[in-house]
Amino acid sequence: MKILLFGIAKDIVGNQSLDEAFQAKNVAELKQELIQKYPEFTKLSSLAVAVDEEYANDDTPISAQNEIAIIPPVSGG
Amino acid sequence: MKILLFGIAKDIVGNQSLDEAFQAKNVAELKQELIQKYPEFTKLSSLAVAVDEEYANDDTPISAQNEIAIIPPVSGG
Amino acid sequence: MEKKIEIIEHIDPSVIYKDLSHPASGGICVFIGAVRDTTQNQKVNSLFFEAYEAMALKEMEKIAAAASKQWNLHRLIMQHAVGDKKVEEPVVLVGASSAHRDDCFEACRFLIDTLKEKVPIWKKEFFDGTDEVWVTPHP
Amino acid sequence: MEKKIEIIEHIDPSVIYKDLSHPASGGICVFIGAVRDTTQNQKVNSLFFEAYEAMALKEMEKIAAAASKQWNLHRLIMQHAVGDKKVEEPVVLVGASSAHRDDCFEACRFLIDTLKEKVPIWKKEFFDGTDEVWVTPHP
């Protein structure tokens, strides 16, 4: 499962994307796995996940076919 | 006493300024005289007078030394 | 606060950024009023604007002073055009820059609202056919 | 409603009038966000903006659609810059035109507020010295 990383998420992981094997079947599980591997994510004021370029809910299912991105707090403008 | 006219006030009087002898000693009296001579002024939703380029109150004194202007409802912008 | 206050023949909206940007400003808000093609269901051909220029500039200065007292602004602009203006031409431009966006938005709205209420400028509307009417605001 | 929605290298505020004017519009309201020289009492040298571009454009389209549903707009613009930006450079530009000024003012404020809340774009601040920090909004 490939996961795109942006902003501070890129710094936390030390890469532009994650290409590891995740067991997660939905967004909530993905966040849990991510925090387990990179505890620094707990320091962010929020952590969203986009599935196929849309904000996803915790129960949104995910698979290797989706485009998945970690969305740390946005700060445009 | 010379009185500057703008907008619809110019059309009512048929001139850019009034150069007649007014008896008025203050703004209220000037408005009265003006309405007597040009009753169409009563049709306006408001009628203000500027003395020396400032909005004047009804009791503001006026004389031939002042720059006096009739300010019909403004409609800039 | 720097300010630019003018009664002019032609308003040039292409220079607003140069006129309003400031190293300490994170936000710039601008309002431009233009001639629209219809008013109360009548087709408008053009507008004519007349100003009592000396007094109009004084009133605009007062409005700018009031805005700079109420909000934390770095730069401010108020321009009003005079003469004949065709559909889509700009007739009024107001704007302000500030550190945060609340200030410039609120100031910008205040500038245009107060200008329309206080500044001695008059608009005549020319309609299709031969009608021409001095605009007097409805209560 | 016509709209222009872009993630671009450089924002050019000199063309906003051309981008927003419309024969039926009496009002145009524009907000421009720029790099300011100070944040929380620290001297800022520059900002760097990164976007999740495909998703950012989708979110901006949604915001534009919501604005055009809520207000009566003729034209709308949303632009965000990416890359390195120096002090006083524009980084975001939003605006709308409408028959009456209430609509374009309210829409313009909604566009920038919602963009800042929803659009996946991230800003890194470079301070005097060597500090650099990804900005994360304070609760």
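Everything numeric in this text was worked out from a predicted model, so none of it was measured. Naming convention: chains lettered A, B, ... in sequence-line order (proteins, then strands); numbering from 1 in each chain.
Using a distance-only test at 3.5 Å, with no hydrogens or angles considered, a donor-acceptor pair links the side chain of A:S75 to the main chain of D:K123. The backbone N or O of A:G76 sits nowhere less than 3.5 Å from a side-chain atom of D:H80 that would complete a donor-acceptor pair.
In this structure, D:E9 has no salt bridge (charged side-chain N to carboxylate O under 4.0 Å, His left out) partners at least two apart in sequence or on a different chain.
For residues 69-81 of chain D, the pairs satisfying salt bridge (charged side-chain N to carboxylate O under 4.0 Å, His left out) are D:E2-D:R75, with sequence neighbours left out. Residues in residues 25-35 of chain A take part in these side chain to side chain donor-acceptor pair (under 3.5 Å) pairs, two or more places apart or across chains: A:K31-A:D58.
Interface summary for chain D: among A:L4, A:L44, A:D11, the most heavy-atom pairs under 4.5 angstrom belong to A:D11. In terms of heavy-atom pairs under 4.5 angstrom with chain A, the leader among D:V119, D:L115, D:V91 is D:V119. Among the candidates A:A50, A:P72, A:A69, the residue making the largest number of heavy-atom pairs closer than 4.5 Å to chain D is A:P72.
For NZ of A:K2, the number of neighbouring non-hydrogen atoms (other residues, nucleotides, ligands) closer than 6.0 Å is 12 at most. Within a 6.0 Å radius of NZ in A:K10, more than 12 heavy atoms belonging to other residues, nucleotides or ligands are found. Enclosure of atom CD in A:Q16 is not indicated, since only 12 or fewer non-hydrogen atoms of other residues, nucleotides or ligands lie within 6.0 angstrom.
Only the side chain of D:K124 comes within contact range of chain A, judged by heavy atoms closer than 4.5 Å.
Within the 4.5 Å cutoff, the side chain of A:Y55 has heavy atoms near those of the D:P120 side chain. The closest side-chain heavy-atom distance from D:W134 to A:I12 is not below 4.5 Å.
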Inset, instruction - Could you walk me through whether A:I8 and D:W122 pass side-chain contact (heavy atoms from CB on, under 4.5 Å), step by step? - result: CA-CA 8 Å; A:I8 198 165; D:W122 298 269; over 6 Å; no
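Applying a 4.5 Å heavy-atom cutoff, the residues of residues 41-67 of chain D that approach chain A are D:F49, D:E50, D:A51, D:Y52, D:A54, D:M55, D:K58, D:E59, D:K62.
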